[in-house]
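Some notes on the structure that comes next.
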Amino acid sequence: MMIDLATKETVKNKILIVDDHPFIIEGYKNAITRYNPKEFEFVITQAKDCESAYRIITNPAIAPFDIAFLDISMPPYEEKGMFSGEDLAKLLSDYMPNCKIILLTMYTELLKIKTIINTINPNGLVIKNDLTFDELLFAFDKVIKNEKYYSESVLKMLKQSEADAIEIDQFDKQILFHISKGTTLQDMTQYIPISVGAIERRKINLKELLKIEEGSDADLVKEAKNKGLLF
């Protein structure tokens, strides 16, 4: 009797993990390497901050990754304009457009989550408070099968009424940007095609919207960043 000793070849996937906490990286690696080992083989590359990740992603000698796990809050690489995992996700999309991106964050504000989805459109988005070993494996399974995965907290936030979300128009976004750069109201009219009075009224409305009516411009910028209205 003939015995077929041929075994099915495993599918090799290149994985990038970027996080500034070594023990979290090890946790991701432990979970990934246990995923369906009879069918998949994983080659894992890791980075600890925006700078090391930037050098890996832009290195022409490195073959494209299949899946990337990116923490959103990480030490920046200001020289190259890399301030977060969101910036790295955009960079990955430029250099490795077929790489599936899983973003992990501590943010729990609806507008911030919606901004991440609208600007990055990640294959996976996980609130770290939802993260367990099983949850990570489930997210990985969904993404590797070309499905989207949002963790439970993300789904709950997205189900909230649109009335609870803060929506601002392009003029308001420009005003916030120029306030953050220290541009005076008078000088803003060089960049925004509305009057000084209209800009002032919009700034007051923004403070009311963000519930900091008595706050300073610095408070407005800080709260706008917290809500994902300004980066």
Side-chain angles (χ1 to χ4, degrees), residues 1-75 77 80 82 84-106 116-117 119-155:
M1 182 172 115
M2 297 289 293
I3 299 176
D4 185 6
L5 298 177
T7 57
K8 182 180 177 181
E9 282 192 21
T10 56
V11 177
K12 183 176 289 188
N13 277 261
K14 290 182 87 272
I15 308 295
L16 174 64
I17 302 174
V18 188
D19 198 294
D20 57 337
H21 297 95
F23 66 93
I24 290 180
I25 290 180
E26 288 306 311
Y28 293 166
K29 287 166 69 175
N30 286 336
I32 292 166
T33 53
R34 294 186 189 187
Y35 176 81
N36 208 346
K38 293 182 179 179
E39 291 188 26
F40 294 94
E41 177 185 353
F42 299 105
V43 178
I44 299 174
T45 301
Q46 62 191 63
K48 63 180 181 179
D49 52 29
C50 288
E51 180 175 356
S52 55
Y54 178 91
R55 296 187 186 282
I56 290 169
I57 294 167
T58 59
N59 185 343
I62 293 180
F65 294 102
D66 297 293
I67 298 177
F69 288 83
L70 307 176
D71 186 11
I72 285 184
S73 300
M74 278 185 300
Y77 185 25
K80 296 296 183 179
M82 297 288 112
S84 68
E86 292 168 83
D87 293 324
L88 291 174
K90 293 172 185 175
L91 186 72
L92 262 173
S93 295
D94 290 338
Y95 279 81
M96 303 176 183
N98 294 323
C99 178
K100 299 180 180 71
I101 294 171
I102 299 175
L103 287 174
L104 302 109
T105 181
M106 292 296 293
I116 291 169
I117 291 172
T119 57
I120 307 299
N121 190 26
N123 302 86
L125 180 57
V126 180
I127 303 296
K128 282 193 170 182
N129 288 339
D130 294 337
L131 198 59
T132 62
F133 186 87
D134 290 337
E135 185 82 6
L136 182 62
L137 277 177
F138 188 60
F140 190 67
D141 178 66
K142 287 283 188 181
V143 171
I144 207 168
K145 292 176 178 175
N146 296 315
E147 299 177 33
K148 289 272 188 183
Y149 179 78
Y150 296 153
S151 68
E152 183 179 355
S153 293
V154 174
L155 293 175

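Atom set for the values below is all heavy atoms of this structure, side chains included, hydrogens, waters and symmetry mates excluded.
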Heavy-atom count around Glu152 CD within 6.0 Å, excluding the residue itself: above 12? no
Quick one: list whatever passes salt bridge (charged side-chain N to carboxylate O under 4.0 Å, His left out) with Asp20, sequence neighbours left out. none
Side-chain donor-acceptor contacts of residues 88-96 below 3.5 Å, not counting sequence neighbours, with atom names and distances?
| unit_1 | atom_1 | unit_2 | atom_2 | d |
| --- | --- | --- | --- | --- |
| Ser93 | OG | Ala89 | O | 3.0 |

Hey, could you give me the CG/CG distance between Leu136 and Asn30, rounded to the nearest 0.5 Å? 10.0 Å
Which distance, rounded to the nearest 0.5 Å, do you find between the CG of Leu103 and the CG of Asn123? 9.0 Å
Rounding to 0.5 Å, atoms CD1 (Ile17) and CD1 (Ile32) come to a distance of 4.0 Å
Which is it for Ile25 and Phe69 under the side chain to side chain contact (heavy atoms under 4.5 Å, CB included) test, yes or no, and what are the steps along the way? CA-CA 9 Å; Ile25 290 180; Phe69 288 83; over 6 Å; no
Is there a side-chain contact between Ile127 and Thr105, using heavy atoms and a 4.5 Å cut-off? yes
Write down the atom of Thr58, the atom of Tyr54, and the distance for their closest heavy-atom approach. OG1-O, 2.7 Å
Residues at least two apart in sequence or cross-chain that pass side-chain hydrogen bond (donor to acceptor under 3.5 Å, both in side chains) with Ser153, listed by chain then number, are Asp130
Residues in ring pair (Phe, Tyr, Trp, His ring centres under 6.0 Å) with Tyr35, at least two apart? Phe40, Phe140
Quick check: do Lys100 and Asn146 have side-chain heavy atoms less than 4.5 Å from each other? yes
Compare every heavy atom of Cys50 with every heavy atom of Tyr77, then report the nearest pair and how far apart it is. N-CB, 3.7 Å
For residues 60-73, the side chain to side chain donor-acceptor pair (under 3.5 Å) pairs (sequence neighbours left out) are Asp71-Lys128
Are the side chains of Tyr28 and Ile102 in contact, using a 4.5 Å heavy-atom criterion? no
Spacing of CG belonging to Leu131 relative to CG belonging to Asp134, to within rounding of 0.5 Å: 10.5 Å
Check whether any side-chain heavy atom of Asn121 lies under 4.5 Å from a side-chain heavy atom of Lys148, and answer yes or no. yes
Could you tell me the separation between the CD atom of Glu86 and the CE atom of Met74, rounded to the nearest 0.5 Å? 10.0 Å
Per-pair distances, 0.1 Å, donor-acceptor, side chain in residues 41-49, under 3.5 Å, sequence neighbours excluded:
| unit_1 | atom_1 | unit_2 | atom_2 | d |
| --- | --- | --- | --- | --- |
| Gln46 | OE1 | Lys29 | NZ | 2.9 |
| Asp49 | OD1 | Glu51 | N | 3.3 |
| Asp49 | OD1 | Ser52 | N | 2.8 |
| Asp49 | OD1 | Ser52 | OG | 2.7 |

Between Ile72 and Ile116, is there a side-chain heavy-atom distance shorter than 4.5 Å? yes
Once rounded to the nearest 0.5 Å, what's the spacing between atom SG of Cys99 and atom CD1 of Ile57? 8.0 Å
Non-hydrogen side-chain atoms of Lys80 and Asp87 separated by less than 4.5 Å: no
